[in-house]
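Okay, so here's the structure we're looking at.
Order of the sequence lines sets the chain letters (A, B, ...), proteins ahead of strands, with each chain counted from 1. All values derive from a computational prediction rather than experimental measurement.
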Amino acid sequence: MEYNTEIINQTEIEIVNKKEPGRVRKFFSFISNSKSVLIGGVIVLIIIICALFAPVISTHDPYEMQMSDRLLEPMEKGHLLGTDHYGRDLFSRIVYGARVSLKVGMVSVSLSLLIGVILGLVAGYYGGWLDSIIMRIVDIVLSFPVLLLAIALVAALGPGIENVIIALGLVYWTNYARIVRANVMSLKEEEFIQAARTIGSNDFRIIFFNILPNCLAPIIVVGTLGIGIAIVAEATLSFLGLGIQPPESSWGWTLAFGMKFIRDAPHLSIYPGLAIMITVLGFNLLGDGVRDLTDSKLKRK
Amino acid sequence: MLMKEEKLIKQPLLEVNNLKKHFPITKGIFSKEVGAVKAVDGLSFTINKGETLGIVGESGCGKSTAARMIIRLIESSEGSIRLEGQEISEINGKKLRAIRKDIQMVFQDPFASLNPRWTVRRTLLEPMKVYGIGKQRDREEKVYDLLNKVGLDESYAYRHPHEFSGGQRQRIGIARALVLNPKLIIADEPVSALDISVQSQVINLLQDLQEEYDLTYLFITHDLSVVEHIADRVAVMYLGKIVELADKEKLFNNPLHPYTEALISAAPEVETENKKERIILSGDVPSPANPPKGCPFHTRCPKAMDICKEETPKFKETFEGQYTACHLY
Amino acid sequence: MENKVLEVENLRTSFISNKKTFNAVDGVSFHINEGETIGVVGESGCGKSVTSLSIMGLIKRPGEVNADKISFQDNNLLKLNKEKMRKIRGNRISMIFQEPMTSLNPVYRVGEQIAESIRIHEKVRSSKLKNRVIDLLEMVGIPRPKEVYRYYPHQLSGGMRQRVMIAIAMACNPDLLIADEPTTALDVTIQAQILELMKELQESRGMSMMLITHDLGVVSEVCDRVVVMYAGKIVETGKVENILNHPQHPYTKGLIASLPKKGQNNGRLNYIPGQVPSPLNWGKGCRFADRCTYVMDKCLEKIPPLLDVSSEQQSACWLCEEKGGSSFANERGKVDQATIARSE
Amino acid sequence: MMTFVGKRILHLIPVLLGISILVFFLLHLIPGDPAMTLLGQEATPEEINRLREVLGLNEPLYIQLLVFLKNLALGDLGTSIFQDVSVLSLILTHLPATLELATLALLIALLIAIPLGIVSAVKQFSWVDYVSMFFAQLGVSMPVFWLGVLLIIGFSVNLNIFPSFGRGEPLVESILMTIQSGNLFYIIDSLKHLILPALTLGVMSAAIITRMVRSSMLEILNEDYVRTAEAKGVRSFWIIMKHAFRNALIPVITIVGLQFGNLMGGAIVTETVFGWPGIGRLIITAISQRDFPVVQGCVLAIALLFAFINLIVDILYAVINPKIKSN
Amino acid sequence: MKKRNIFSKWLLCLGLLVLIVVAGCSYEDPESESAGSNSDQNEGEEAGSDNSTSNSKSSSNSVANKINVGLDVDAGTMDPRLSRDTSAKRVVEIVYDGLIRLNANLEPQPSLATDWENPDATTWIFTLREGVTFHDGEPFTAEDVKYTFDTILDPDFKAPYASLYKPIDSVEVIDETHVQFNLKEPYAPLLTYLDVGIIPKHVAEKGDSLSSNPIGTGPYKMIEWKKNSKITFEANKEYWGGEPTTGKIVYNIIPDNTTRVAALESGDIDFVHSPLSPQDISRIKANKDFKVVETQGLGFTYLNFNTEHEILSDVKVRQGIAHLINKEVISEDIYQNMDKPGKSPLIPASWAYSDEITGFEFDKEKAKKLFADAGWTDTNNDGVLDKNGKNLSITLSTHSEDPNRIQIVEYLQNVFTNNGIETEVLTNEWPTFSTSLMEGNFDIGLVGWLNLVGPDRSMYNQFHSESGSNYGGYDNARVDELLEEGRRVLDQSKRTEIYQEAAQIVTEEVAYDVLLYQGYIAMYNKDLQGFDIHPTGSLYGLKDAKITK
């Protein structure tokens, strides 16, 4: 309703008039407005802390094998979440696994974003044959079941976390390209973009200073969702035996191997699975929340 | 050519001649062109320096398209646009950039025309950055100067568009148009999105600025009372064509074209006493994709004659300084 | 005298923004007589749309409607349950909206949408129903109604769509039509057509009408009485001629004064300085006080009630109490230029 | 409409060509070739070389590509290197199984997602909303193989309700057989086999579609025409079903179309876990055997199917959205 | 509402229709029904059998006429000459007969050949069984034998195991019931390899594909093959060895190990066998509803050392590494004793096996000493052995399909790293990995050999310097000599000596380090009776098995 937003806009003016809060404070008041940002943010923050401070947080050496202590139950012999099939401490492995899984999620999404955003911007802004070509490429990639393409790429590139990241990055960019393109197409008709042209801005300036910042909200949303998708995709690749090279280990790898023991030592698959689920949940909540907030802040309708 | 113009005291700033914009209509698997939407169909007018030309018309009559062609946001299909005698409809690259400085635009929707993620300061600095004008300090000075000029507090410089009310946003939009010291400002429905009390504030501002900077306005609106207030001359558009062009007084006191007449009469007035008899046109504006043969207005014209259905009336000077395209004259 | 179709007393509609509750409509009382057209005027955000939605019972949670009384004919709308309210809506009271572009459901044919509103409230055989819809289309001046019956909304122009909206509203011969800015989105020539149509229908059916608009011109064309709203309150009400010719409240005066007028060419326009305050920052005094040229101490202290200026005009301004009558009726709103710098 | 379909088919040609070329190069980038895998560990280099010769793998890559494209243009997808049958017949035996699985998965997804999405939109911020959104989040974050194995352990091993693997008779066939024989066994057996894999496959799509339905409903519920319907006095149930949902379907349909690609990807894993004889498994095996013709053929078949489904989606889109229909 | 009315009418009609259809339907498993009657019939025909009487008395003690087997992969081609994968072999075993069939001790037993003799070292004469018919009713003749081997030897036929039959010069038909194999040179292992199924010449020559429509002489006929789903066989009532006990056998293809065992547990299938996940075995063992039988398999898992690698070419380094491997841990912890610790390339199931030949015991100190002898010490105290400023660094590679092997390399990496060897792990898909093996592009590869029906099979190809499968480039003149001799000499005891010597050498020089002797395990429903386990994994024995409930 036109009425309500008008009120909100004016409300903000009044609030601002009273005192000019600092950027940090603005940020926090911004966050505290959304439960999903708050919860998602906290989850993601915890995971990131786990990854950064893995050596401090972990209770054991995640690589040390103790064959005599194989498959211990959680809490047994001081192992918080038990041990895996080599007698390695599962908790520590999950803490260290955060590094790899986050790396897979974030770097591959960054790569997809890089490709997708640039192609989407170009296709959306210039249109015409350039758009046709880019969209045909998108169609081509989309026609593959994504996982299949990832499998083929990993097979071609060879195993290893870097290659998994590259493969996932090369597979998942189409979504970003489509979303960015759609946004650019509507944005470029907006008056402020036309205004930028009337003041003589060149295409580069318009694309990167005017259009791109205004596509950020959807990019953040699909990007955070993408991180979750990438983490799960990596787990699936691990399940199919592609990907990580030991002794490195992601959650997906731990989970895929834990599946072999699901009947006798379910904790081996449950905890890494939970780690994945919680992380994906965190990123999704964060993304959703950020979208809701930016939408209500900057848009009128 | 110049000789003729020099006789007049007024110097033409912008001359538009037979300007057209046709959007193709395609059909079939291979996108064959089967017709065209004639959004603007042969527009000719001149704006003199320091003058305000108002263009009035209902939505879809092509007034905004015309404005965007003049400022080169969209390419014209045909016709010439000359700014101070220089043809600008086909220049590109550096030359175009140089010309762009001279023509600026104020948009209809003050919210949509401001980048929501930029602060006011950034919005106003941008044109100078683009053209590399001045040093950072000069630029900032200019920004604050302009803010003062359009009646905004300097402290607003770091705020984002959503923190302003509609009127304030439009002031920012006006300030942006002024940054590059343009010769011509095209104002496309600059006040139609604003509340009445704010509307008058902005109109006043535009008039003040015109005086101060010796600006020339091309003022596009659908609101007759606004155009009556601000314009020197008024062009009335209907279906991509100008049907009447005259000095304001002549146009409002003695409208020649039946459409102009209807338009003026249709506007509701506050006067409660001696209400005039209104002319209520029947039907809708025809689609520009399929304009009627002959005079485009004949389908709704209360004075339509047989000839109107057959022949397109010529746009001619009916009385001195009053041009009309109507078979009645 | 005349029968009141609708009576609203002390209507307060509250919303929540940023965890704060505020009244978008704050103590509004008015009534509509049978066969009368009343105009509700005000700038955006003054609460005029919320007033109409409150009457219709269309305020969604967490919005909340409170009032001492909203009575329609013999019904107390506040006490009606959902089902009974639904039966009144679209039947006895109907409503048309500002945006004819978005107010019609894009996926259903025009005819179906009109037929629906009849079907909800009346039992009609489907063979007769179609004829009734076509009649309605004809009544609202749509050419080739049989053909248009099968059109989708996007195939119609704005003016035609608004006619369809009117047909929907008129489908059950309502006693009260609420029109919320019905012509704002339309072109002048089309606006004239629609206003004409509404006037005609209102007169021929003897129905009451509540016309919400920001355009004083429209009010002057169509309405009998007018209610001027500002910041959730009624600041002035009375007969159209009185209000337009002899406005008492400084806000009404300012509003009328800011209209560009003939004979004022190229001069400066009058305007009201400042802007409408946010509902979250309404002080205890008159809400127009900070924009008012005549502001007094009392204005900052206490909200003025609606005071009788004459038997047919009331104004919520302390000036009316002090000076009484229309002592400065002809004075135009003074121009305050403090807020803008300009070179004279 | 014909123009539209024609245009789509015209667009399909470069896409299919691009896919063919991309698959071709991708496959040849992967180390290992069918000759080596075909002959096994004990083969001598001469044997391998001879087989390569027979398979045409010693030709320059561009010649191989041209040969492949030429055959493709003639409608010949080639013969499987490992199984002595034509690729087309392999596709024809495996694709229906996947289609059946994917269709049922989508059906399950829609059955879960649409009511859930509508309810959580209508009751925004209620516990129903929170719970269903939580499950929607779970659905996205649960690896397919994990869910599949859990379902097998739960429903097949422990409860012994559903079979743990494999496919019954094709659903269409079993329906016919049931009608013919009047014995419900066939159809129930087919459905019993289908239910767990379809559920596994459908959960993620269900999650995505639920969110989509919800957000699209939320948006629509704020539209002016919903308010118009309210003002008309339409019952709230019909406002939701008739006025809001029909419009909300428009964006949902696009997502459903895109979900198909997702389902095909998920099918690879689901089919492996449940031993479902579908095209996903066929491709995976073919990749691991470097059975180039099979991979190429299957990918093309999926691409075609994807294009076909998107075409249907677009047509549906037009049917629901009169704006497109009449243009 | 008009629309709603129509809609609800439709719904009503539809509902009624469904109701009528459902009401008219029964719910019975038609297969179990027909199988029941079928079995009655079967039993009836075999009058006097104990089963038939007991069967007719109590329905609870019925015989299921079908055995459901779970297999991991689908068969590629069912042509016995072309079959490569194990599933194809499982099919061929019950659909075809070879000239001989190996018994559980891997000794050749008469099958289609009732007798054989070799008048000289290069001539073998087989007497064929009479009165045998193919599934299509045509009689089996000597021509079929000749045709089968001629095609295998034809280079254009692409038979994968053609190299096993290379020494055969020609196959002659002596008369209807006798065929003669002429060899280029004496070839002792030949007989063991003659279990290849004999195909019907008249069918093959017609150009009908035997790949998907096998026609053999075996106990079962294939009646349906649903690709990647199941293969169904029906008993061949005319089988020369007597009619099989069970009417139907179904091979169900379930790729996932966990699911396959789950299917056994849920009762969807009756029989699974290796490959299995070791984790599942102990659980099934503990379950009274199932039987688990184990035997030595015909394969071993080994580390293939690249003897041409600049570091690994030093035999001391190889020996040192061998000392770091605790085979007991691998066998017990990773394989749950499914596979037993390995010793040499001679497998326990073979007659040539010797317990005496052992590899290197797990001893870190000895390893350290051997590395030091080879010049590798940790000079810079970074925990990694080095020599001339170069770290002792190797790559352990294996394929990604087998999680157990990945576990081995992960475990070994850990041990090696802890003992000063910089170890990287590389797991690739099988085709990629095998390509790198064949190209000699590896350091240490973890692989396995299957189907080692004789010592020649497990050593000639692997260690002969000229051989195709000698990936590590192992080159020892004495070993070459021994392996060639082993093919020439026909006397088994002599051959035993020869192979044991060769095995001793290759184990000593660590061309291979055999980690595990693969076990063969079958798990089945306790109601399945009469099945004897076979080390090759052959399911031929199913013809005598039945399920009694």
* Structure fact -> Cut-off 4.5 Å, heavy atoms of chain A, and the answer for D/Phe25 is neither

* **Nearest heavy atoms of A/Leu142 and A/Thr174, plus distance in Å** => CD2-OG1, 3.9 Å

* May I ask you to decide if the ring planes of D/Phe125 and D/Tyr130 are parallel, tilted or perpendicular, using 30° and 60° as cut-offs? => tilted

* Yes or no on side chain to side chain contact (heavy atoms under 4.5 Å, CB included) for A/Thr279 and A/Ile43, after CA distance, side-chain angles and deciding distance? -> CA-CA 7 Å; A/Thr279 308; A/Ile43 293 174; 5.6 Å; no

* **Residue part contacting chain D, namely of A/Leu148, when any heavy atom lies under 4.5 Å** => both

* To do: Measure distances from D/His11 to the heavy atoms of chain A and classify the residue's part below 4.5 Å as side chain, backbone, both or neither.
  => both

* Identify which of D/Leu27, D/Ile287, D/Val299, D/Leu305 forms the greatest number of heavy-atom pairs closer than 4.5 Å to chain A. => D/Val299

* Member of D/Ile19, D/Leu61, D/Leu29 meeting the side chain to side chain contact (heavy atoms under 4.5 Å, CB included) criterion with D/Phe24 -> D/Leu61

* Could you look at A/Ile133 and say if it's the side chain, the backbone, both or neither that has a heavy atom under 4.5 Å from chain D? => neither

* Structure fact -> Whatever's closer than 4.5 Å to a heavy atom in chain A on D/Ile284 counts as side chain

* A/Leu285 portion near chain D, given a 4.5 angstrom heavy-atom threshold -> both

* **Stepwise side chain to side chain contact (heavy atoms under 4.5 Å, CB included) test for D/Phe145 and D/Thr270** => CA-CA 7 Å; D/Phe145 60 93; D/Thr270 313; over 6 Å; no

* Of the backbone (N, CA, C, O) and the side chain (C-beta and beyond), which part of D/Leu17 lies under 4.5 Å from a heavy atom of chain A, both, or neither? -> neither

* Asked: Which answer fits A/Met259, side chain, backbone, both or neither, if we ask what part of it has an atom under 4.5 Å from a heavy atom of chain D?
  -> side chain

* Can you tell if the side chain of A/Glu234 reaches within under 4.5 Å of the side chain of A/Ile244, non-hydrogen atoms only? -> yes

* Are D/Met204 and D/Gln259 close enough that some pair of their side-chain heavy atoms sits under 4.5 Å apart? -> no

* Measuring heavy-atom distances to chain A, does D/Val295 have an atom under 4.5 Å in its side chain, in its backbone, in both, or in neither? -> neither

* **Interface moiety of A/Ile262 toward chain D, non-hydrogen atoms closer than 4.5 Å** => side chain

* Kindly say whether the aromatic ring centers of A/His267 and A/Phe261 come within a distance under 6.0 Å. => no

